[in-house]
Every structure is written in structure tokens, then in C-alpha cells.
Number of protein chains: 2
Amino acid sequence: MTGVRALQKEKTRRQLIDAALGQLSAERSFSSLSLREVAKEAGLAPTSFYRHFSDMDELGLTLVDEAGLTLRQLMRQARQRIEKGGSVIQISVVTFMEFIESNGNIFRLLLRERSGTSAEFRAAVSREIRYFTLELCDYLQHANKLTAEVACLQANAAVTIVFNAGAEALDIEKKEREQLAQATIQQLRFIARGASELSARVKG
Amino acid sequence: MTGVRALQKEKTRRQLIDAALGQLSAERSFSSLSLREVAKEAGLAPTSFYRHFSDMDELGLTLVDEAGLTLRQLMRQARQRIEKGGSVIQISVVTFMEFIESNGNIFRLLLRERSGTSAEFRAAVSREIRYFTLELCDYLQHANKLTAEVACLQANAAVTIVFNAGAEALDIEKKEREQLAQATIQQLRFIARGASELSARVKG
DNA sequence: AATTTGAGTGTACATGTGTACGCTATAATA
DNA sequence: TATTATAGCGTACACATGTACACTCAAATT
């Protein structure tokens, strides 16, 4: 099944994916890419595109999956750092900011398609973020001995804040980014403290 | 200066703006609108568009301004309700959710252009949200006797949470929206409580 | 009353788009 | 070895787009 042919096909499929990812930028969203442009960048004739994806949408959803994968790598990295000790909140924010810096366009993809014009795209991005949030929710529940409800509310709020900070980080200079990180950390502390203080009340 | 001619011009300018707003939807973003479509919807020949805007971008920025105006009306409404007494947080969330329900497409515009491909658009949206946030910051500072720093951090976090909830509200059924509103309220309480608890530490 | 201005029109063109179709060359299969 | 399947190509087409240009005609100005 993994003959020369299938292998080559997989390779040019990757070329298409990479071509699309490569064209994303601050000034260029996925929906502004044309099938022809992507094919050209991948060194393919326009019509050959269809051998791999039936649609630009299909390519796009693949990219979102790809982005989700990157996001999960990010989580793994954060967990590793946390295990070595240190402030969970600070490590999370710093790790996320590093992610933005080296994966700006992938993050932009998620950010844009989250509120894009395709319900399927929105659902796909939503799913990736939910996954991200659920992991954090589990962690908070065990580490901080919180109700499932409170832990999930906190996780949700924290992810929202961090994602928003990431979006802002995309448009500012590196110098200001440190300031933004500090503000974000403080906001996460507010949330953590509030959740902890109010968890009793929610329970009772 | 307000002759018959200038009046008519103002009127068709409005028609263009309304045509553009009218074409926005869950499936249609501003950047996916074409000059020709908008002109047609406004009952104009394509080339007449240029008598009013040099560009689709110029129209778009006008729409963002328009959206900002709507946002400020929202704030005024919320303030009025708050003055009549009741939970500030609850009133704010409920008012905002009402806004989403009747101005979905305007909110979508802000949401999308906030992370769009035009730096100018992003800046414009950012400005409107900042204005929104600053008002809340002022309010928190006086009402809750917080440091400027803590109040602004809280305001920023709160606006982020509420906007994100608004975005989620766009894609769910009315029934689930009540649940979302409750979750949002709880999250804002976390933030408020955390800010209040930790304000001493930040000061010292 | 004579002239100028400018909002709105219709035509026209170059350019980019998605994709249908028929072809080639070669790996996979029989 | 003969046959089939298929990745990739080039051509071709219909269509939508932005906008340049020359026009009209009524309001505004002189």
C-alpha cells in the first residue's frame, strides 16, 4: 500500500499544505488565497490541485487540524516545564507567547477562522480550543481541588484571556510584549483567586 | 452648503453604507463583498461608487466607525439600567447579549476585522474596544475604589470575556444562550473578586 | 442668462478566478 | 507481459472583478 506512487502523492499533498501555510501572513488570510495561487506555489498545475483536495475548504480544514496539532504540542511543552517547578500561570503565558512568536501565522489562522464565514471552519476551530480548555479544566480540578464546574469556568476564562492576549501580541513590538505578558499573568491571577474564593459559594 | 445636491449625495452615501451592512451575515464577511455587489444593492452603477468612497476599504472603515457608535449606544443603555439598581455584572452581560441578538452582523464585523488582514481595520476596531474598556475602567476605579492599574486590568479582562461570550452566542441556539450568559456572569465575578482580593498586593 | 461643477450612467478592457475536458506517462495490477 | 488506474499537465471557457473613460443633465455659481 505504501508504493512509490502513494508516497509521491503524500509528498505533493504536503507541498500543497505547506504552500498554503507559507502564504498566510498578517496581510493574507486563508480565505483570500486562491486555488491557483496555492497550486502555483506548490509547483503544480491548477487542475492538479483536485487530485488532493476537492475544494479549498477541504485544504483549509486540513490546515486547522494541523494548527490543532501544533496547539497540542504547545500544551505538552508547557506541561513539561510546569513539572520542573515554577508558577503555573507564568510558565503558561510565557510558553504561549513563545508559540505566537514562532507560529504567528498558524495562530492567525485559528483566530480568523474562529469568526470566519464558514460554519464548518468555526466548528473545527472551536473544537481545537475546546480540547485545549478541557485539558486545563482537568488540571485545575485536580491541582486546585475545585468543583468540575468552577474549574471549567476558570479554564474557559483563562483560555479566552490568553488567546486574546496572543491576538494582541501579534500587532505589537517585542518590547511591549513583555508588558502584555505581565498584564495577562496578573489577569489570570485575578481569575484563579476569584475562582478559589467563590468556589465554596457555588458548591453550597 | 446644504443644498439639494449635497443632501442627495448624503442620501446615496447612506444607501451604500446600508447596502454593505445589509449584505453582512454569518456567511458573508465585509472582505468578501465586492464593490459591484454593494453598488448594485444600493441601486447604483458600479462606477458611481467612487463618487462616495475611493475604495472598499474606505467604506469598511466607515462601517467600523458606525459599529463603534452602536457600541457606545449600548454602553449608555447599560449605564441607564445600572443606575436603576441591580447587579452591575448581570445587567452588563444581559444588555450585551441583547445587543448581539439585534446587531449580530455589526458585532460580526468588529469581531472579524479585529483579526483581519488590514492593519488599519485592526487598529480601528482596537480603538473602539479600547474606548469601551476605558469607560469600564473609570467606572470600576470609582465604584470599587481600585487602583487605576487594577481597575484597568479588570476592565480589560472583563471586556475580553464578554466579547468572547458574544462571539460564542452568535453560533448557538437561544436556549443555550441563557446558560452561556450565566457562565459569563460567573466568570466576571471571579475576575471582580480576584481583582478586589489582590489589589492590596499590587499596591504594596 | 451663461457657465461651471459634479453625481450618476454605460461601455469597455485587462486580469484573475474555478473548473471541465482530454491528454500523457508511469506505477500498480492482472 | 499486457492492462488498468491515476497523478499531473495544458487548453479552454464562462464568469466576476476593479476601474478608466467619455458622456449626460441638473444644481450651483458667476
Side-chain angles (χ1 to χ4, degrees), chain A residues 1-25 27-63 112-113 116-121, chain B residues 1-25 27-63 112-113 116-121:
Chain A
M1 259 301 177
T2 54
V4 174
R5 199 152 194 165
L7 230 69
Q8 175 57 28
K9 180 166 187 183
E10 189 57 37
K11 194 175 157 191
T12 76
R13 185 187 141 97
R14 255 264 61 90
Q15 279 171 355
L16 280 170
I17 294 175
D18 290 341
L21 279 177
Q23 311 225 36
L24 295 179
S25 73
E27 296 80 21
R28 212 82 162 70
S29 69
F30 177 76
S31 59
S32 80
L33 298 183
S34 75
L35 182 152
R36 288 175 106 105
E37 278 177 307
V38 174
K40 189 175 190 177
E41 176 81 11
L44 275 187
T47 48
S48 300
F49 180 95
Y50 297 107
R51 301 291 182 194
H52 303 273
F53 303 98
S54 70
D55 229 32
M56 276 295 283
D57 274 15
E58 201 171 304
L59 209 204
L61 290 171
T62 306
L63 291 194
R112 284 168 176 158
E113 299 311 327
T117 52
S118 155
E120 203 174 353
F121 273 61
Chain B
M1 261 300 177
T2 54
V4 173
R5 200 156 191 160
L7 231 71
Q8 175 56 29
K9 181 166 187 184
E10 189 57 37
K11 193 175 157 191
T12 75
R13 186 188 141 97
R14 254 269 53 96
Q15 279 171 355
L16 280 170
I17 293 175
D18 291 340
L21 279 177
Q23 311 225 33
L24 295 180
S25 73
E27 297 80 22
R28 213 80 162 72
S29 70
F30 177 77
S31 59
S32 81
L33 299 182
S34 75
L35 183 151
R36 287 176 108 105
E37 279 177 305
V38 174
K40 188 174 190 176
E41 176 81 11
L44 275 187
T47 49
S48 301
F49 180 94
Y50 297 106
R51 301 290 182 193
H52 303 273
F53 303 98
S54 69
D55 229 32
M56 276 294 281
D57 274 14
E58 202 172 302
L59 209 204
L61 290 170
T62 306
L63 291 194
R112 284 169 176 159
E113 298 311 327
T117 51
S118 154
E120 203 173 352
F121 274 62

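All chains are named by letter (A, B, ...) in the order of the sequence lines, taking the proteins before the strands, and each is independently numbered beginning at 1. If you're wondering where the values come from, they're calculated on a predicted model, not measured in any experiment.
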What is the nucleic acid contact for A/E10, judged by heavy atoms within less than 4.0 Å: base, sugar-phosphate only, or nothing?
nothing
From the set D/dA7, C/dA7, D/dG8, return the single nucleotide nearest to any side-chain atom of A/H52.
D/dG8
Drop me the distance from A/L24's CG to A/F30's CZ, to the nearest 0.5 angstrom.
8.0 Å
Figure out the CG/C1' separation between B/L7 and C/dG6, and round it to whole Å.
16 Å
Could you pick out which residue, B/M56 or B/R51, lies toward the 5' side of DNA chain D when each is mapped onto its nearest nucleotide?
B/M56
In whole angstroms, the gap separating C1' of C/dG6 from OH of B/Y50 amounts to 17 Å
Does a side-chain N or O from B/S34 land closer than 4.0 Å to OP1 or OP2 of D/dT17, or not?
yes
What is the distance, rounded to the nearest whole Å, between atom CG of A/L33 and atom P of C/dT17?
10 Å
Roughly how far apart are A/T12 OG1 and A/D18 CG, rounded to 0.5 Å?
11.0 Å
Atom CD of B/Q15 to atom P of C/dA7: distance rounded to whole Å?
15 Å
5'-most contact on DNA chain C (nearest-nucleotide basis), B/R5 vs B/P46, goes to B/R5
Round to the nearest Å and state the distance from B/Q8 atom CD to C/dG8 atom P.
6 Å
Within this structure, what is the CZ-CD distance for the pair A/R112 and B/E113, rounded to the nearest 0.5 Å?
10.0 Å
Can you check the A/E37 CD to C/dT19 C1' distance for me, whole Å?
17 Å
Whole-Å distance separating the CZ atom of B/F53 from the P atom of C/dA7:
13 Å
Here the gap from A/F121 atom CZ to A/D57 atom CG, rounded to the nearest 0.5 Å, amounts to 4.5 Å
Given C/dT19, is OP1 or OP2 found less than 4.0 Å from the side-chain N or O atoms of A/T47?
no
A/K9 side-chain proximity, nearest of D/dC9, C/dT9, D/dA7
D/dA7
Length of the NZ-C1' vector between B/K40 and C/dG8, whole Å
17 Å
Residue closer to the 5' end of DNA chain D, B/V4 versus B/L35 (nearest nucleotide)
B/L35
Distance, nearest 0.5 Å, that separates CD of B/E41 from CZ of B/R36
16.0 Å
Answer with yes or no whether A/R36 presents, from its side chain, a donor or acceptor under 3.5 Å of a partner atom in the base of C/dT19.
yes
If you check every side-chain atom of A/T12, which of C/dA7, C/dA28, D/dG8 has the closest atom?
D/dG8
